[in-house]
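A quick note: this is a predicted structure, and the numbers were derived from the prediction, not measured. So you know, we letter chains A, B, ... as the sequences are listed, proteins then strands, and number each from 1.
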Protein chains: 2
Amino acid sequence: MSSRVETIRHSASHVMAEAVLKLYPGTRLGIGPSIENGFYYDFQLPAPIQNEDLAAIEKEMRRIVASGAEFSRRELSKDEAKKLFAEQPFKLELIDGLEDGTISVYEQDGFVDLCRGPHVATTREIRPDAFRLQTVAGAYWRGDEKRPMLTRIYAIAFESKGELEAHLKMLEEAEKRDNRRLGKELDLFSTHEEAGPGLIYWHPKGGRFRVELENWWRDEHYRNGYEILFTPHIGKSWLWETSGHLGFYKGNMYSPMQIDENDYYVKPMNCPFHIMIYKTNAHSYRDLPLRWAELGTVYRYERSGVLHGLMRVRGFTQDDAHIICTPEQVEDEIAEVLRFSLHMWKTLGFKDIKAYLATKPAESVGEPARWEQALVSLRKAIEKEGLAYEVDEGGGAFYGPKIDLKIKDAIGREWQMTTIQFDFNMSERFDMTYVAADGTHKRPYMVHRALLGSLERFFGVFIENYAGAFPLWLCPEQAVVIPVAQAFDEYAKKTAAALKASGIRAKADLSDSRMNAKIRDAQNQKIPYMLVVGQKESDSGAVSVRYRDGRQEADVKLDAFMERALGKIRDRSLDL
Amino acid sequence: MSSRVETIRHSASHVMAEAVLKLYPGTRLGIGPSIENGFYYDFQLPAPIQNEDLAAIEKEMRRIVASGAEFSRRELSKDEAKKLFAEQPFKLELIDGLEDGTISVYEQDGFVDLCRGPHVATTREIRPDAFRLQTVAGAYWRGDEKRPMLTRIYAIAFESKGELEAHLKMLEEAEKRDNRRLGKELDLFSTHEEAGPGLIYWHPKGGRFRVELENWWRDEHYRNGYEILFTPHIGKSWLWETSGHLGFYKGNMYSPMQIDENDYYVKPMNCPFHIMIYKTNAHSYRDLPLRWAELGTVYRYERSGVLHGLMRVRGFTQDDAHIICTPEQVEDEIAEVLRFSLHMWKTLGFKDIKAYLATKPAESVGEPARWEQALVSLRKAIEKEGLAYEVDEGGGAFYGPKIDLKIKDAIGREWQMTTIQFDFNMSERFDMTYVAADGTHKRPYMVHRALLGSLERFFGVFIENYAGAFPLWLCPEQAVVIPVAQAFDEYAKKTAAALKASGIRAKADLSDSRMNAKIRDAQNQKIPYMLVVGQKESDSGAVSVRYRDGRQEADVKLDAFMERALGKIRDRSLDL
C-alpha cells in the first residue's frame with residue numbers, strides 16, 4: 001500500500017528516467033524507488049554528469065509532466081519481459097530474480113519501465129512546481145561494492161508547491177542548525193580525523209552542558225528509584241562469548257586486544273557488566289525490582305562513510321539502565337519507565353512524542369507466554385500515557401519486544417531516541433536467578449532502557465532543535481556583563497562576580513571591542529542574558545538587560561534580576 | 001646513611017642467615033637487605049620449608065642475639081673474598097660484580113657475610129622481643145624468572161618491643177579494614193577474574209559514594225576556575241606516536257585494536273586528548289590560564305600478580321587536570337593548585353600531609369631556565385602553605401619536576417596520592433603555542449595534576465582510613481528507620497519517606513528480623529543514624545536516635561533531627 005504522495009514520487013522517478021534516457025541515449029537503467037520526501041533513480045550514463053546538469057533534466061521532466069501522458073500497466077511473461085528489456089542488462093538481472101506471472105511494466109509517453117506499481121493516472125498529477133532534483137551521487141549496483149558504480153540522482157517531491165517550499169525551508173533551517181556547524185561556532189565539541197574519526201571531544205562549553213545534563217539525569221534517576229553503577233570499558237572474551245555478542249554482533253565490535261594472552265574487547269554494550277554485578281550476590285524476590293542505571297560509554301564500529309557529527313559516531317555514552325524484576329512486577333515497571341521517559345522529555349522541552357511498538361519476529365528466543373505478557377505490559381503502558389503509537393508487527397529484536405519513542409523537533413523532524421526493550425536472552429545466557437517467595441529459583445525479567453539514547457546523539461538533536469539557544473539551565477554561559485565604555489570595566493567585573501557568587505554562570509566582556517560588537521558577539525554565542533552596565537546604572541545599582549530573544553528591559557535592580565534568573569534555573573524553565 | 005632502626009634490621013638479617021645456616025646446613029645464601037618495617041633474606045635451602053618452620057629459626061636467632069656476639073668488619077681483595085665464599089655461588093656472582101678494594105665482609109658469632117654495612121656493635125642491640133619472622137615466599141635470584149627460585153623469609157623488626165607491638169596492631173587493624181574485605185561486606189564493589197582481573201565494578205552503594213564524591217569534585221573544580229572536559233577512551237596510533245607513549249610507555253599500554261586498518265589504543269593517559277582540544281582553536285595570552293579537568297578513565301597494564309583490590313588495578317579514573325599558562329602565570333597557578341589540593345584533602349578528613357619535591361634527573365628535556373623556574377614555583381608553593389617536605393634530588397620525571405603529596409591515614413600508613421607535575425615534553429611534541437602580547441608565538445607551560453590520584457585507589461584508601469564508616473555526606477545510606485515491633489512498620493515507612501523527601505538517604509528496615517538484629521545489621525553496614533520508632537515516639541512525633549559511634553538520644557523531634565542532619569551533610573561535616 002502506497003500513500004498518494006509516495007505514488008506521485010514513484011511516478012516522478014519514471015518521468016525522470018524517461019527524461020534522462022532522452023537526453024543521454026544509451027543510458028542503462030537501475031532502480032528508481034520513492035524515498036522519504038522524494039525519490040531517486042540509479043543510472044549507468046554514457047558520460048559522467050554534475051549537479052549543474054540537473055536543470056536540463058528537470059526541464060525535460062516538466063515538459064513530460066505537462067504533456068499529461070497516461071501511465072498504463074501491462075503484465076508479461078518472463079520471456080516477453082526479457083525481450084522488452086534486451087538492451088537493459090540491470091533490468092534483465094532483476095527479471096531473472098522474479099517469478100513468472102508476477103512481472104508487470106508501466107508505460108508513459110513511450111517510456112516503459114519494469115515496475116510493480118502503483119502509479120498516478122497521468123503525468124499531470126505530478127505538479128511541475130512540487131518537485132526538484134537535488135544532487136548527483138555514486139551508488140553501487142545493488143549496494144555491492146564489487147558491482148558497477150552507478151549515478152544516483154536524488155530528488156524531492158510533494159503533492160503541492162507549498163509542501164515543497166516548506167520542505168526546502170526546513171532544509172535551509174536544518175543547514176543553519178547543523179550540529180557540526182554550531183558545534184564549531186559555539187565551541188562545544190570537536191572530532192579529530194588524525195586521532196580517529198567518529199570520536200567526540202567535549203570542549204569546556206560542551207562539557208558544561210554535559211555536566212548540567214548528567215547532574216539532572218542522576219538526580220532524577222535517584223529520585224525515581226534507580227541506583228547508579230560504574231563498570232569497566234573493557235572485558236575478557238569470556239564475557240562476550242557468554243553474552244552472545246561475539247556470535248551475533250562481532251561486525252560492530254572492535255578487534256580484540258591481547259592482555260596476558262587473553263582477548264579483551266572494548267564494550268559495545270553495558271548489559272553483561274550489570275549482570276556480573278547482579279551475579280555477585282544471591283537475590284531474593286524481596287530485593288526486586290532492581291533499577292540499575294549507568295552513563296556507560298560504549299564503542300561500536302560504524303563505517304567511516306556514515307559517521308556524521310554528533311549524530312552517528314563510533315563511541316558514545318548511553319544513558320543506560322537495566323530493570324531486573326519478577327514477572328508480577330513487570331507491568332508496573334514498564335508503565336513507570338514510560339512515565340519517567342515522558343517526564344524527562346517534557347523537562348527538556350519536547351512534547352510531540354510518538355511510540356512504536358515492535359512485536360515478536362519470526363525467529364526469537366524466550367517462552368511465548370513471556371512474549372505475550374511483555375507485549376501486554378508495553379501496550380498497557382502506552383495506553384495509560386495516552387500516547388499516539390504505531391505497531392511494527394514482527395519488528396522486535398529476537399530477544400524481546402520493545403517500545404521506541406520518536407520525538408519531533410522544532411523544525412518537524414522525527415528522531416528515534418528512547419528505547420525500552422525486553423530481553424529474554426541475557427537472563428538465560430548468564431543464568432540469572434532469584435529466590436521466589438516459595439523458595440524456588442526463578443528467572444527474573446530483564447528490561448533494557450536508554451532514555452536519551454546516547455549523550456552524543458542527544459546533544460546533536462538538542463543543538464539542532466534549539467539552534468544552539470539552549471534552555472537557561474543548560475547554557476554553558478548564562479549571562480554576560482557588558483560595560484557601555486571602558487570606564488565601567490571595574491563595575492562590570494563586580495557585577496559579573498556578584499552573578500557568579502549567586503550561582504549564575506556569568507562573565508564580564510572586557511575585551512577591546514565596542515559595546516555593540518560585544519552584544520552581537522553574545523547574541524551569536526546564544527547567551528541568554530546581556531547585562532549592560534554604565535554610569536546611570538552603577539549609580540542606582542540597576543542594569544539594562546537584553547534577552548537572547550530580543551526583549552530589553554531598562555533599569556532592572558540587580559538583586560531582582562538574579563532572584564528571577566535563579567528561580568528559572570532552579571525550575572529548569574524553558575523561557576527566559 | 002642508614003638510620004639506627006635500618007641498621008638493626010640489617011644486622012638482624014645476618015643473624016637470621018646464621019640461624020638458617022646452622023639449622024639447614026648446605027644452605028646457599030642470596031641477599032638480605034633491610035626493608036620498610038623489617039628485613040628479608042633469600043636462601044637456597046636443601047629442602048623446602050613452611051611458615052611453621054619459622055618458630056625454630058626465630059628461637060635460634062634469639063639464642064644468637066642473647067649471646068652478645070660482636071659484629072666485626074674486614075676488607076678483602078677479590079681473590080680473598082672468592083676463597084672465603086667458595087661454597088656460596090650466589091655470593092661469588094655478587095663478588096664478580098664488585099671492584100677490587102671495595103669488598104667488605106662482616107662477621108658475628110663465626111658467621112661471615114659479604115656486606116657493605118654498617119651494623120650494630122653486638123647482637124645484643126637487636127632486642128629479642130622486637131622482631132618477628134613473618135612469612136616464607138618465593139623470589140627469583142636477582143628478580144630474574146630465568147634464574148633459580150629462592151626462598152625468601154620476611155621479618156619485621158623495630159628498636160623496641162613497644163614499636164613491634166604497635167606495628168602488629170596496625171597490621172591487624174589493616175587486615176580488618178582491608179578494602180577487599182569491606183568492599184564485600186558493605187557491597188561496595190567487586191572484581192571478576194573471568195571478565196578480566198584488576199577491573200573494578202562499582203555496585204549501587206559504591207556508585208552512590210562515587211556520585212557524591214564526583215559531584216563535590218566537579219563543584220569544587222568549577223568554583224576554583226576549572227573547566228571540565230570529556231574525551232574518548234581510544235585513539236589512533238598517530239596520537240601515541242606523537243605523544244611519545246608508544247616509544248617510552250608501550251609496556252604499560254594494551255596491544256592495539258584494528259579499525260579500518262589503523263591501530264587504535266585504549267588510553268593510558270588523558271593528556272594528548274586535552275592537547276587536541278587546545279589545538280582546535282588558536283589561543284591568545286588573554287585566554288590563559290586554561291585549567292581543564294576530566295574524570296578520565298585510563299587503562300594500563302600491570303602484571304596480574306601485583307593487582308590488589310582497589311589499590312592496584314588495570315583500569316582507573318584519574319581526577320586529572322591540565323593547566324596551560326604563560327611563564328608569568330605559572331608561579332601563581334602552582335601555588336593555587338597546592339592550596340586547592342590541601343583544601344580538598346582537609347574536607348575529606350586528611351590533615352597529616354607531607355610533600356616530596358622531585359628535581360631534575362640526569363636525562364631530561366626542556367630548557368634549563370624553565371626547569372629552574374618550575375622548581376622555584378614548586379618550592380615557593382610548598383613554603384607558602386607551610387607544608388613539611390623532603391627533596392628528592394634528581395627524582396623528577398624526564399619531562400619536568402614535580403610535587404607529590406603523601407597523606408597519612410588513621411592507622412599511620414602513608415599513601416602517595418596527589419601529584420603536580422610540570423611537562424616540558426608534550427607542549428613541544430604537539431607544538432602547542434599561544435600568541436603573546438607582543439604578537440609572537442610562544443610555547444605555553446603545561447602542568448599535569450591529579451589530586452585524588454585515581455578514584456579507585458582513593459576509594460580503597462578512604463575505605464581503609466575510615467574502616468568503611470564514611471563521613472555522613474559520602475555514606476551510601478545515611479539513616480535507617482527501625483520499628484520496635486512489626487506493628488510500627490507503617491510508621492517506620494512514613495518516617496523513612498519523610499527523611500528521603502528532605503534529602504537524607506534513608507530506608508526503613510521492615511525485614512522479619514528482631515529489632516536488635518536490625519540495629520546490629522545497621523552497625524555492621526556502618527549506617528550513621530538508626531532511628532528507632534515505636535508507640536511512644538509515634539504519638540509525640542519523636543524518635544530515638546542511635547549513632548554509628550555508639551551515642552544514643554531518646555525523644556528527638558524528627559524535624560529537629562532532620563534539620564541537624566541536613567546541616568551536617570551540607571557542611572560535609574566529619575562528625576555525626
Side-chain angles (χ1 to χ4, degrees), chain A residues 184 187 190 192 194-197 199-208 210-211 215 218 222 227-236 238-239 242 254-260 262 264-266 272-274 276-277 279-281 286 290 292 294 297 299 301 303-304 314-315 317 455 505 511, chain B residues 184 187 190 192-197 199-208 210-211 215 218 222 227-236 238-239 242 254-260 262 264-266 272-273 276-277 279-281 286 290 292 294 297 299 301 303-304 314-315 317 455 505 511:
Chain A
K184 197 170 281 186
D187 199 16
S190 59
H192 299 273
E194 63 276 42
L199 301 170
I200 305 301
Y201 290 60
W202 298 69
H203 290 209
K205 287 184 195 165
R208 178 58 100 152
R210 180 161 165 177
V211 165
N215 282 347
R218 278 185 289 263
Y222 275 132
E227 302 279 1
I228 294 175
L229 311 177
F230 297 84
T231 66
H233 299 93
I234 62 175
K236 237 190 225 179
W238 173 86
L239 208 56
T242 308
Y254 293 147
S255 66
M257 302 167 271
Q258 246 92 46
I259 305 176
D260 292 343
N262 291 296
Y264 282 68
Y265 291 86
V266 291
F273 294 85
H274 291 198
M276 292 305 287
I277 293 180
K279 287 178 67 78
T280 305
N281 297 310
R286 284 200 183 88
L290 297 170
W292 285 352
E294 177 172 20
T297 307
Y299 292 86
Y301 181 71
R303 281 178 301 111
S304 64
R314 281 181 171 169
T317 301
L455 298 187
R505 295 190 283 278
S511 65
Chain B
K184 197 170 281 186
D187 199 15
S190 58
H192 298 272
E193 193 67 29
E194 63 275 41
L199 301 171
I200 305 300
Y201 291 61
W202 299 69
H203 289 208
K205 287 184 194 165
R208 178 58 99 153
R210 180 161 167 178
V211 165
N215 282 347
R218 279 185 290 261
Y222 276 131
E227 301 278 2
I228 294 176
L229 310 178
F230 297 83
T231 66
H233 300 92
I234 62 175
K236 236 191 225 181
W238 173 86
L239 208 58
T242 309
Y254 293 147
S255 66
M257 301 166 272
Q258 246 93 46
I259 305 176
D260 293 343
N262 290 295
Y264 282 69
Y265 292 86
V266 288
F273 295 86
M276 292 306 288
I277 293 180
K279 287 177 68 75
T280 305
N281 297 309
R286 283 199 184 90
L290 296 170
W292 284 352
E294 178 172 18
T297 307
Y299 291 86
Y301 181 71
R303 281 178 301 113
S304 65
R314 282 181 170 170
T317 302
L455 298 187
R505 294 188 284 278
S511 65

Review point. Quick one: do the A:Tyr299 and B:His233 side chains pair a donor with an acceptor below 3.5 Å?
Key: yes
Exercise for review: Please name all residues satisfying salt bridge (Lys or Arg N to Asp or Glu O under 4.0 Å) with B:Lys236, sequence neighbours left out, ordered by chain then number.
Suggested key: none
Exercise for review: Could you have a look at B:Tyr265, B:Phe273, B:Trp292 and say which one has the most heavy-atom pairs with chain A under 4.5 angstrom?
Suggested key: B:Phe273
Revision key, fill the gap. Whatever's closer than 4.5 Å to a heavy atom in chain B on A:Arg505 counts as neither
**Study point:** Nearest heavy-atom neighbours spanning B:Gly207 and B:Trp202
**Key:** N-CB, 4.2 Å
**Study point:** Contact class of A:Ile200 relative to chain B, heavy atoms under 4.5 angstrom
**Key:** backbone
Revision key, fill the gap. Most contact-rich option vs chain B, by heavy-atom pairs under 4.5 angstrom, among A:Asn262, A:Leu239, A:Ile228, is A:Ile228
Exercise for review: Mind ranking A:Arg210, A:Lys205, A:His192, A:Arg218 by heavy-atom pairs under 4.5 Å with chain B and telling me who comes out on top?
Suggested key: A:Arg210
Review point. Under a 4.5 Å heavy-atom cut-off, does chain A meet the side chain of B:Tyr301, its backbone, both or neither?
Key: side chain
Study note, to complete from the structure: Answer key: most heavy-atom pairs under 4.5 Å with chain B among A:Pro272, A:Pro232, A:Ser304, A:Ser511 is A:Pro232
**Study point:** Donor + acceptor pair across side chains of A:Thr231, A:His274 (<3.5 Å)
**Key:** no
Revision key, fill the gap. Sequence neighbours excluded, the answer for side-chain hydrogen bond (donor to acceptor under 3.5 Å, both in side chains) partners of A:Thr242 is none
**Study point:** Options B:Arg286, B:Glu194, B:Met257, ranked by heavy-atom pairs under 4.5 Å with chain A, top entry
**Key:** B:Glu194
Exercise for review: Return yes if some donor-acceptor pair links the side-chain N/O of B:Thr317 with the main-chain N/O of B:Leu455 below 3.5 Å, else return no.
Suggested key: no
Check your understanding: In terms of heavy-atom proximity below 4.5 Å to chain A, should B:Asn215 be classed as side chain, backbone, both, or neither?
Key -> side chain
Practice item. May I ask you to name which of B:Gln258, B:His203, B:Lys184, B:Lys279 has the most heavy-atom pairs under 4.5 Å with chain A? Key: B:His203
Revision key, fill the gap. From the list B:Leu199, B:Val266, B:Ile277, the residue making the most non-hydrogen contacts under 4.5 Å with chain A is B:Ile277
Point to revise | Segment of A:Phe230 engaging chain B (4.5 angstrom heavy-atom cut-off) | key: both
Practice item. Could you look at A:Thr297 and say if it's the side chain, the backbone, both or neither that has a heavy atom under 4.5 Å from chain B? Key: side chain
Exercise for review: Measure the CZ-CZ distance between B:Arg314 and B:Arg303 for me, rounded to the nearest 0.5 Å.
Suggested key: 10.5 Å
Study note, to complete from the structure: So, the part of B:Leu290 with a heavy atom under 4.5 Å from chain A: the answer is neither
Practice item. Could you tell me which portion of A:Arg208 (side chain, backbone, both or neither) has an atom closer than 4.5 angstrom to a non-hydrogen atom of chain B? Key: both
Point to revise | Heavy-atom proximity to chain B below 4.5 Å, by part of A:Tyr264 | key: side chain
